[in-house]
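The structure under discussion appears below in the form of structure tokens.
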Amino acid sequence: MFDHEDVPEFSWAHMEQLYRQGQAQWEQTKRSLLQQVHGSQTFRRTATVMDEALAHLRWSTRILRGDSRVPMPVEWDSRHLVALVELARVLNDLTSSSGAEGAAAFALPPVTAATCLAQLLVFFKPGGVLLRDVSLSPYCVIDKRQYYRLWTAAVVHVDATHLITNLTAVLPDCVMLEQQCGSAALAADVLLLTTTSHALYVAFALLQKSVFVRRYNYYSLVTVGFSGVVFGLKVWAGCKRGGVVYVWGVPVPARFSWVPALALTHLCAPEASFPAHIAGVVAGLLRAYCLEPVYAYAEVA
């Protein structure tokens, strides 16, 4: 028999407090164990082997690689209309800048035209192209040594909006650079910026895998499109153009015109690849502030 005074009074509030304390202690213990296991060499080696095996299956087996083709089926929305209007505005500005006599006979310079034509031909290829065969995959470039992906990914676009916005952005810069520097120089710059921007994208994914243990971007993430090269050309063209340009009516120093362009791109298309665009910006900065002084010094010498 228990004496009533000796039995503590039951309290739901007290039980809830004990439960919360126990749960907090368990979460702390679990985090500590996970950190210890995650930091161990055995865990890292095991995770790396599993990631490599899954990546090998994903990129070598048809079932896991899938049959996704680009461009995607067209689903017209307001973004397509905005992109087309902006492209029309850019073409009108280019013809207007040719003067009244040359506007009717305006034609794109040869390398600019070839750059746009290559993207249009791939986009309108019957049946499209398999994304797995042409996309920029850091794993495929480094582990499988498929270096051709550094260039094939640049001429492939996901949909019509992707293509139109890239053509709209690249036309003014390509025309200006080709008219000012010549066709051979622009062709070399396009090839250089394509290689450099995509190599930087791959290097960034490798850095994430090796240093920050973020393996997804290396093994699974892919990118396509001319956007990285567009930003590289925009940086380089801004440095060559000098002065002030107007971005949606706002005056901006030409050498920094890539800043609002980058902000607007990710404001309007948050799904776009930020690392690929930053890689393009860095490639353009290297071209403008590292390679150009070397060229200038070589000409003087």
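What you see is a predicted model; the values in this text were computed from it and never measured.
Once rounded to the nearest 0.5 Å, the distance linking OG of Ser137 with CG of Leu221 reads 9.0 Å. Put simply, OG1 on Thr223 and NE2 on His198 are 7.0 Å apart, with the number rounded to the nearest 0.5 Å. Distance check: Leu186 CG to Trp236 CH2 gives 11.0 Å after rounding to the nearest 0.5 Å. Within the model, atoms CG of Leu233 and NZ of Lys240 stand 13.0 Å from one another, a figure rounded to the nearest 0.5 Å. The distance from atom NZ of Lys125 to atom CZ of Arg69, rounded to the nearest 0.5 Å, is 7.5 Å.
Ser197 places no side-chain N or O within 3.5 Å of a backbone atom of Gly280 that could act as its donor or acceptor partner. When atom types are taken as modelled, the side chain of Thr165 and the backbone of His162 share a donor-acceptor pair closer than 3.5 angstrom.
Tyr147 places none of its side-chain heavy atoms less than 4.5 Å from the side chain of Arg149. Using a 4.5 Å heavy-atom threshold, the side chains of Tyr246 and Val252 count as separate. Annotation: side chain of Val158 is in contact with side chain of Val224 (closest heavy-atom distance under 4.5 Å). The shortest side-chain heavy-atom distance between Leu94 and Val90 falls under the 4.5 Å cut-off. Side-chain contact between Leu286 and Leu291 is absent, with no heavy-atom pair separated by less than 4.5 Å. Residues Arg145 and Cys140 are not in side-chain contact: their nearest non-hydrogen atoms beyond the backbone lie 4.5 Å or more apart. At least one side-chain heavy atom of Leu136 sits under 4.5 Å from a side-chain heavy atom of Val202. The side-chain heavy atoms of Val282 and Thr196, taken from C-beta on, include no pair separated by under 4.5 Å.
Hydrophobic clustering, defined by side-chain heavy atoms of Ile, Leu, Val, Met, Phe, Trp and Tyr closer than 4.5 Å, groups Leu117 together with Leu121. Applying the under-4.5 Å side-chain rule to Ile, Leu, Val, Met, Phe, Trp and Tyr, the cluster around Val244 consists of that residue alone.
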Test side-chain contact (heavy atoms from CB on, under 4.5 Å) applied to Leu167 and Leu120, step by step: CA-CA 10 Å; Leu167 292 178; Leu120 288 170; 4.1 Å; yes
side-chain contact (heavy atoms from CB on, under 4.5 Å) between Val134 and Tyr148, worked out: CA-CA 8 Å; Val134 296; Tyr148 64 86; 5.9 Å; no
Working for side-chain contact (heavy atoms from CB on, under 4.5 Å), residues Leu163 and Asp159: CA-CA 7 Å; Leu163 174 67; Asp159 55 26; over 6 Å; no
side-chain contact (heavy atoms from CB on, under 4.5 Å) between His157 and Asn166, intermediate numbers included: CA-CA 9 Å; His157 292 82; Asn166 276 345; 3.0 Å; yes
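Residues meeting the salt bridge (charged side-chain N to carboxylate O under 4.0 Å, His left out) test with Arg287, sequence neighbours left out: Asp189, Glu292. Take Tyr218 and apply the ring pair (Phe, Tyr, Trp, His ring centres under 6.0 Å) test, not counting sequence neighbours, and it matches no residue.
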Donor-acceptor contacts, no H, no angles, side chain residues 170-177, under 3.5 Å, sequence neighbours left out:
residue	atom	partner	partner atom	Å
Asp173	OD1	Arg241	NH2	3.3
Asp173	OD2	Lys234	NZ	3.3

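Pairing each heavy atom of Ala283 with each of Leu200, the nearest pair is N-CD1, 3.9 Å. Of all the heavy atoms in Gly284 and Val235, the pair that sits closest is C-CG1, 3.6 Å. Residue Val229 comes nearest to Val190 through the heavy atom pair CG1-O, 4.3 Å, listed as atom of the first residue, atom of the second, then distance. Among all heavy-atom pairs drawn from Leu193 and Gly232, the shortest one is CD1-C, 3.7 Å.
Here ring-ring contact (aromatic ring centres under 6.0 Å, His included) pairs that include residues 257-279, with residues two or more places apart or in two chains, are Phe231-His277, His266-Phe274, His266-His277.
By the criterion of side-chain heavy atoms lying less than 4.5 angstrom apart, applied directly or through intervening Ile, Leu, Val, Met, Phe, Trp or Tyr residues, Val230 is not grouped with Leu84; the two fall into different hydrophobic clusters. When the side chains of ILVMFWY residues are joined at heavy-atom separations under 4.5 Å, either directly or via intervening members, Leu87 and Leu108 end up in a single hydrophobic cluster.
In this pair, Tyr139 and Tyr219 present their aromatic rings tilted. The plane angle is within the 30 to 60° band.
Judged purely by distance below 3.5 Å, without hydrogens or angles, the side chains of Glu178 and Ser183 pair a donor atom with an acceptor atom.
Heavy-atom neighbours of Lys144 NZ from other residues, nucleotides or ligands within 6.0 Å: above the threshold of 12.
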